[in-house]
Amino acid sequence: SQAVCPQPKDTPMKIANISLSDWAGSVSGMSLEEEGFFWRLIRLMYVHDGVCYDDDRGNARLMGIVGRFGPFKRHLELIKSFEKIAETHPDWRLVVVGDGGPNKDQVLEKMRISPFASRMHWCGHQQDVAPFIRMLDLLVVASSNEGLSNVTLEALASGVPVLSNL
C-alpha cells in the first residue's frame, strides 16, 4: 500500500466548525490559520502537523471517538453532528472505538439506522488504541465531565488534532 495524504478542500478544523463547535469548550488546531473558524470557542491550542500513515482509505477523512458508551461521553451528540457534516462532506467517515457502558445498544442502533450508516464504523474494544488514534484526521472528545483525558494526550502526542469539550 502507498502512503495516502489526502488534501481535501476543507481542513479537519473547518469541518469540525460546521456543527461540533456548538458544544465544544476548546479545540486543538494544527495552524494559526484555523483561529478564525473557531471564534465561538473559549480557547484554542495549537499543535504541530499530523502524520500520514500507510492505509487504503483513499480520500476519506476520519473523525473518531474513543471510549466507553457512557452517557457523559456524548456519542449520540457526536453522531448527530457527524450527520450534519456528512450531508455536505462525502469524504468524511466516523470511527467509534470502545465497548461497554449503558448507552452501547442505543449508540450502535443510532449508527445502524443513520442515513450515513455506511460511513460510520464501530471498531469495538481495542487493547491498543494508539494505531486507531493515529489514523484519525480529527479526534473528538465530546465528554461532558472529563478534564484532560488520556485519549486527548495520546492524540496530541501523535499530532492528531482534538476537538474537546473541556
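Note that the numbering runs from 1 along the sequence shown for the chain.
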- Heavy-atom closest pair, residues Arg112 and Ala117: O-CB, 3.6 Å
- Item | Point-to-point distance, once rounded to the nearest 0.5 Å, from CZ of Phe116 to CD1 of Ile85 | 11.0 Å
- Item | Phe82 versus Trp92, closest heavy-atom pair with distance | CZ-O, 3.6 Å
- Hey, is the main chain of Ala60 close enough, under 3.5 Å, to the side chain of Arg93 for a donor-acceptor pair? no
- Query: Rounded to the nearest 0.5 Å, how far does CZ of Arg68 lie from NE2 of His75?
  - Reply: 10.0 Å
- Query: Nearest heavy-atom pair of Phe69 and Asp99: which atoms, and what distance?
  - Reply: CE1-CA, 3.7 Å
- Hey, what do you get for CD (Glu109) to CD1 (Ile79), rounding to the nearest 0.5 Å? 10.5 Å
- Would you say Asp137's side chain and Met63's backbone share a donor-acceptor pair under 3.5 angstrom? no
- Calculate, to the nearest 0.5 Å, the distance between atoms CZ and CD1 belonging to Arg74 and Ile65 respectively. 9.5 Å
- Between Lys104 and Leu108, is any pair of side-chain heavy atoms under 4.5 Å apart? yes
- Once you round to the nearest 0.5 Å, how far does CD1 of Ile133 lie from OG1 of Thr152? 9.0 Å
- Query: Mind checking what makes side chain to side chain contact (heavy atoms under 4.5 Å, CB included) contact with Leu139, not counting sequence neighbours?
  - Reply: Val66, Leu136, Val141, Val151, Ala155, Val160, Val162
- For the residue pair Met120 and Val96, establish whether any side-chain heavy-atom pair is separated by less than 4.5 Å. no
- Work out which heavy atom in Cys123 is nearest to a heavy atom in Val95; give both atom names and the distance. SG-CG1, 3.7 Å
- Taking all non-hydrogen atoms of both residues into account, name the closest pair between Asp91 and Arg119 and its distance. N-NH2, 4.3 Å
- Task: Kindly say whether Glu154 contributes a backbone atom to a donor-acceptor pair with the side chain of Ser158 at under 3.5 angstrom?
- Result: yes
- Task: Nearest 0.5 Å please: distance from the OG atom of Ser149 over to the NZ atom of Lys73.
- Result: 6.5 Å
- Kindly give the heavy-atom pair with the smallest separation between Lys110 and Glu83, and that separation in Å. NZ-OE1, 3.7 Å
